[in-house]
Amino acid sequence: MNAKQTLLQKIKDGTFALLTDDAIAKKLRLKGKAAEVLGEMLRSSVREGVLCCDLRGRYGTAEQFGAIRGTISGNERGFGFFVPDDPNRDDLFIPHRALRGAFHKDVVLAFAKNAAMGDEGEVLTILQRGYKEIVGTFRRERTGGTLHPDDRKFSTDIFIPSDRCKGAADGVKAVARIRSYEGRMPVGEITEILGESGDFFVEERALIRAHNLKEDFPPEVLEAAERQAERSPLDDLTGRIDLRDDLIITIDGEDTRDIDDAISIRREGGKFYLGVHIADVTHYVRWHSPVDNEAFSRGTSVYFPDRVLPMLPTALSNQICSLNEGVPRLTLSCFMTIDMNGKVLERRVVPSVICSRHRMTYKAVTAIAQGDAEMRAEYPDLVEFVQTAVELTKILKRARESKGGVALDVKEAKILYENGTISIPDYERTISHEMIEQFMVLANESVATIMTEKAMPFVYRIHERPGEEKAQDFLTFLREAGVFAKFDPSRVTPADYQNLLRSLEGSPLYALVNRVMLRSMMKAAYSPENVGHFGLASDCYCHFTSPIRRYPDLCIHRIIKESFLAPEKTREKYKKFVTEAAVQSSACEKNAAEAERDVDALYIVAYMQDKIGEEYDATISGVTSFGIFAELANTVEGLVPLETLPDDSYEFIEERFQLRGTKESFHLGEAIRVRVAGVDWGTRRVQFQFLGKTDART
């Protein structure tokens, strides 16, 4: 064992752990040249990743420092927060110096600097850079230029040498590849010039690039998809049941771009026979083919008001796989027999071929359900169909509520863009929306149950129970708000939350509690392990119904079909891959949701720019230390800055979601009146002026 190995061994066994080079040299009685050699050994061990060194110059292993893995969430003022991979650990505040060159989204090892406090930390080492390319505004300078990142959490500019500017003019929006993170600021090169900063569609394209989303498919993927789209669905019907003569319909929004689910229903006596028919995309997308690999990389389709970035090429997503009206299509059909109490008596999944009789919209089906004479005359064959479907929808909804399903009132913005005009209609949820939701949820549960009983590797859709700390915070909030609630935070159930909401129906506190409850809950995700779905009060759940736009659905379709023919081979084939698919799909889903939210905010700012000066009724949707957020009936949200509120000083009480002043206080869920004061294109935020409260909180 040489001197360096001996030194490392003594650090690892604790003899010299967490000591500086001077302290180690002193223990070894080394001076002069020998001490310098020791110092170089230690520094080279850090460069090799064998040891770590903190800001105090102490050396040791990551374990000896108590370091854990996580991601940096940056702040435009230069500091950051460390978000541990382990959701049970608290975030750490990281001062600028303690970031040690780490930036927003970097994966790092970090440790708490004060174990007693536990809320401030230090980065020990950077494992992986979060940004390889970044979008921003280019500023021309004498020696080259700088790119000012659009992502304000990335707290420094990127230096672009003069020979790496690609002819970019001052003020343009551009993409830069970061070549080096060494030195005072990162160094990069311009790879794409998007256009003039401030141009609406340039800004939208910049957001697409910022989230690393793909607008185009590689040529080999397009060619493979087009070859598959030329196949006739009728060429291979072996092993499929023929449902082409059955009354099967699709129900979607008017602007739906791909149709992957259809339904059939009838009632005989005290039983309902429901069929949910899903496009058999895997017939055209083979595992590990170029099309499949691209779909795995994308993970999901991403929807914007003016375009869709599909997971699959349009030759598949809008043509051969889409369940278009009047043409035969290959499907996987989930058949369920349901009693009058909403209990599933039988369930099975079979390959099939269908021919959709009608392409229906939510609006048309709702009109039929409500007795619209004109619509019923246009679709006489659907009158009984819709009546039966509505009856089953109500039964399933009651059954879900009796199990404890948490029916959160979560609004989603509907932004329409047509012929250059943006519109945002008021939020509307109809019986036909509930119908499709209930039927798809039941099919997802049924499929997951079937495959669990067969002990197949699978990708489940999970929603974990709220953590004890968050549940306790929610309980504390309720008590301070004067709401009596009795549940055990260590094992809260869906029924606890549902009963709470039910007890508050009609109360001014309902919206407030609904919002805070949502914040207390975990995020849904994909997992190879079945831990149930808390929000749906479901023991077993998956995503089966959208294989055109979601990779998990595509993955489990393969497992389902192959398990019919060779169960053991299927178990062996997919046992590792389901973990890869779950991790990748969860990450892609999160990124897509953030991109959609950012682009929606851009459209909302453009829409509200023409509404400056107009007044609206709103609901307080967020309370922060810098103001309150208010939401309009069409889900548009804006900020009322703290300094514009009618009082001299306010205290932000985070656990109560409250701003408390000497004369006025503001709570989540309160109804207020606002005026549109302006829009900020940089932050993509609407600004409101507070005009007054419109109801009294009791």
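Starting from 1, each residue takes its place in the sequence as its number.
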Take F138 and I193, measure what side-chain contact (heavy atoms from CB on, under 4.5 Å) needs, and give me the verdict at the end.
CA-CA 9 Å; F138 179 77; I193 298 171; over 6 Å; no

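- When every heavy atom of H533 is checked against every heavy atom of I462, the shortest pair comes out as CD2-C, 4.3 Å.
- The pair K523-E589 fails the salt-bridge criterion, with no side-chain N (NZ, NE, NH1 or NH2) lying under 4.0 Å from an Asp/Glu carboxylate O.
- The side-chain heavy atoms of N2 and Q5, taken from C-beta on, include a pair separated by under 4.5 Å.
- A salt bridge is absent between R56 and E122; no separation between the charged side-chain nitrogens and carboxylate oxygens falls under 4.0 Å.
- Using a distance-only test at 3.5 Å, with no hydrogens or angles considered, a donor-acceptor pair links the side chain of K166 to the main chain of T191.
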Evaluate T143 against F159 for side-chain contact (heavy atoms from CB on, under 4.5 Å), listing each step before the verdict.
CA-CA 10 Å; T143 58; F159 174 66; 4.1 Å; yes

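- Rounded to the nearest 0.5 Å, atoms CD1 (I628) and NE2 (H667) are 11.0 Å apart.
- Side-chain atoms of S297 do not come within 3.5 Å of backbone N or O of N293 as any donor-acceptor pair.
- Environment of NZ in K573: crowded, with over 12 heavy atoms of neighbouring residues, nucleotides or ligands closer than 6.0 Å.
- Of the possible polar contacts, none joining the R69 side chain to the V107 backbone as a donor-acceptor pair under 3.5 Å is found.
- The closest side-chain heavy-atom distance from K153 to E76 is not below 4.5 Å.
- Close placement of the F577 and F296 rings is indicated, their centers lying within 6.0 Å of each other.
- Between the side chain of S585 and the main chain of A581, a donor-acceptor pair closer than 3.5 Å is present.
- No side-chain donor-acceptor contact under 3.5 Å links T15 and K27.
- Looking only at distances, a side-chain donor or acceptor of D106 sits under 3.5 Å from a matching main-chain atom of G130.
- Paired with H148 under the rule side chain to side chain donor-acceptor pair (under 3.5 Å), one option of T137, D157, T156 passes, and it is D157.
- Listed for the H104 side chain is no donor-acceptor partner under 3.5 Å among the backbone atoms of N75.
- Between I556 and F458, the closest side-chain pair of non-hydrogen atoms falls below 4.5 Å.
- To the nearest 0.5 angstrom, T683 atom OG1 is 8.5 Å from L639 atom CG.
- Distance alone, capped at 3.5 Å, is enough to place a donor-acceptor pair between the S301 side chain and the M311 backbone.
- In terms of heavy-atom proximity, G171 sits nearest to S197 at O-CB, 3.0 Å.
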For residues 202-211, run the donor-acceptor check on the side chains, cut-off 3.5 Å, and write out each pair with its distance to 0.1 Å, sequence neighbours left out.
unit_1: E203; atom_1: OE1; unit_2: K173; atom_2: NZ; d: 3.4
unit_1: E203; atom_1: OE2; unit_2: G198; atom_2: N; d: 2.8
unit_1: E204; atom_1: OE1; unit_2: R307; atom_2: NH2; d: 3.1
unit_1: E204; atom_1: OE1; unit_2: Y603; atom_2: OH; d: 3.3
unit_1: E204; atom_1: OE2; unit_2: Y603; atom_2: OH; d: 3.4
unit_1: R205; atom_1: NH1; unit_2: L194; atom_2: O; d: 3.0
unit_1: R209; atom_1: NE; unit_2: E192; atom_2: OE1; d: 2.9
unit_1: R209; atom_1: NE; unit_2: E192; atom_2: OE2; d: 3.4
unit_1: R209; atom_1: NH1; unit_2: E215; atom_2: OE1; d: 2.6
unit_1: R209; atom_1: NH2; unit_2: E192; atom_2: OE2; d: 2.9
unit_1: R209; atom_1: NH2; unit_2: E215; atom_2: OE1; d: 3.2
unit_1: H211; atom_1: ND1; unit_2: N591; atom_2: OD1; d: 3.2
unit_1: H211; atom_1: NE2; unit_2: D598; atom_2: OD2; d: 2.9

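- When every heavy atom of A98 is checked against every heavy atom of L55, the shortest pair comes out as CA-CD1, 3.7 Å.
- A distance of 5.0 Å separates CD in E651 from CZ in R660, rounded to the nearest 0.5 Å.
- Counted by atom type alone, D22 and T20 present zero donor-acceptor pairs between their side chains at under 3.5 Å.
- Atom CZ of R89 sits in a sparse spot, with 12 or fewer heavy atoms from other residues, nucleotides or ligands closer than 6.0 Å.
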Side chain to side chain donor-acceptor pair (under 3.5 Å) assessment of T493 paired with D496
CA-CA 5 Å; T493 68; D496 291 330; 3.1 Å; yes

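- The neighbour count for R129 CZ, taken as heavy atoms of other residues, nucleotides or ligands under 6.0 Å away, is above 12.
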Before you tell me yes or no, could you show the steps for F81 and F93 under ring-ring contact (aromatic ring centres under 6.0 Å, His included), namely the whole-Å CA-CA distance, both residues' side-chain angles and the distance that decides it to 0.1 Å?
CA-CA 5 Å; F81 292 91; F93 169 74; 5.7 Å; yes

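- Put simply, the side chain of F666 reaches to within 4.5 Å of the side chain of E664, judged on heavy atoms.
- Note that CD1 of I158 is 13.5 Å distant from CZ of R179, once rounded to the nearest 0.5 Å.
- The pair R47-E40 counts as a salt bridge, with a side-chain nitrogen and a carboxylate oxygen less than 4.0 angstrom apart.
- At most 12 heavy atoms of other shown residues, nucleotides or ligands fall within 6.0 angstrom of atom CG in D539.
- To the nearest 0.5 Å, the span separating CG on L8 from CG on L42 amounts to 8.0 Å.
- For Y497 and F487, the distance between ring centers is under 6.0 angstrom.
- Using a distance-only test at 3.5 Å, with no hydrogens or angles considered, a donor-acceptor pair links the side chain of S586 to the main chain of Y526.
- Residues F16 and L28 are in side-chain contact: their nearest non-hydrogen atoms beyond the backbone lie under 4.5 Å apart.
- Remark: C165 SG to L147 CG distance equals 10.0 Å, nearest 0.5 Å.
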Apply side chain to side chain donor-acceptor pair (under 3.5 Å) to the pair N530 and Y541, showing each step before the final yes or no.
CA-CA 8 Å; N530 176 33; Y541 194 69; over 6 Å; no

Does Q64 form a side-chain contact (heavy atoms from CB on, under 4.5 Å) with L51? I'd like the steps, not just the answer.
CA-CA 10 Å; Q64 288 167 342; L51 293 180; 5.9 Å; no

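- Counting heavy atoms from C-beta outward, P641 and Q687 have side chains that approach closer than 4.5 Å.
- The closest side-chain heavy-atom distance from Y551 to D292 is below 4.5 Å.
- Shortest non-hydrogen contact noted between L475 and P489 is CD2-CG, 3.9 Å.
- A centroid separation of less than 6.0 Å is found between the aromatic rings of Y131 and F154.
- Take F629 and apply the ring-ring contact (aromatic ring centres under 6.0 Å, His included) test, not counting sequence neighbours, and it matches no residue.
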side-chain contact (heavy atoms from CB on, under 4.5 Å), that's the test. Do D90 and E469 meet it? Break it down for me.
CA-CA 11 Å; D90 293 334; E469 184 178 347; 4.0 Å; yes

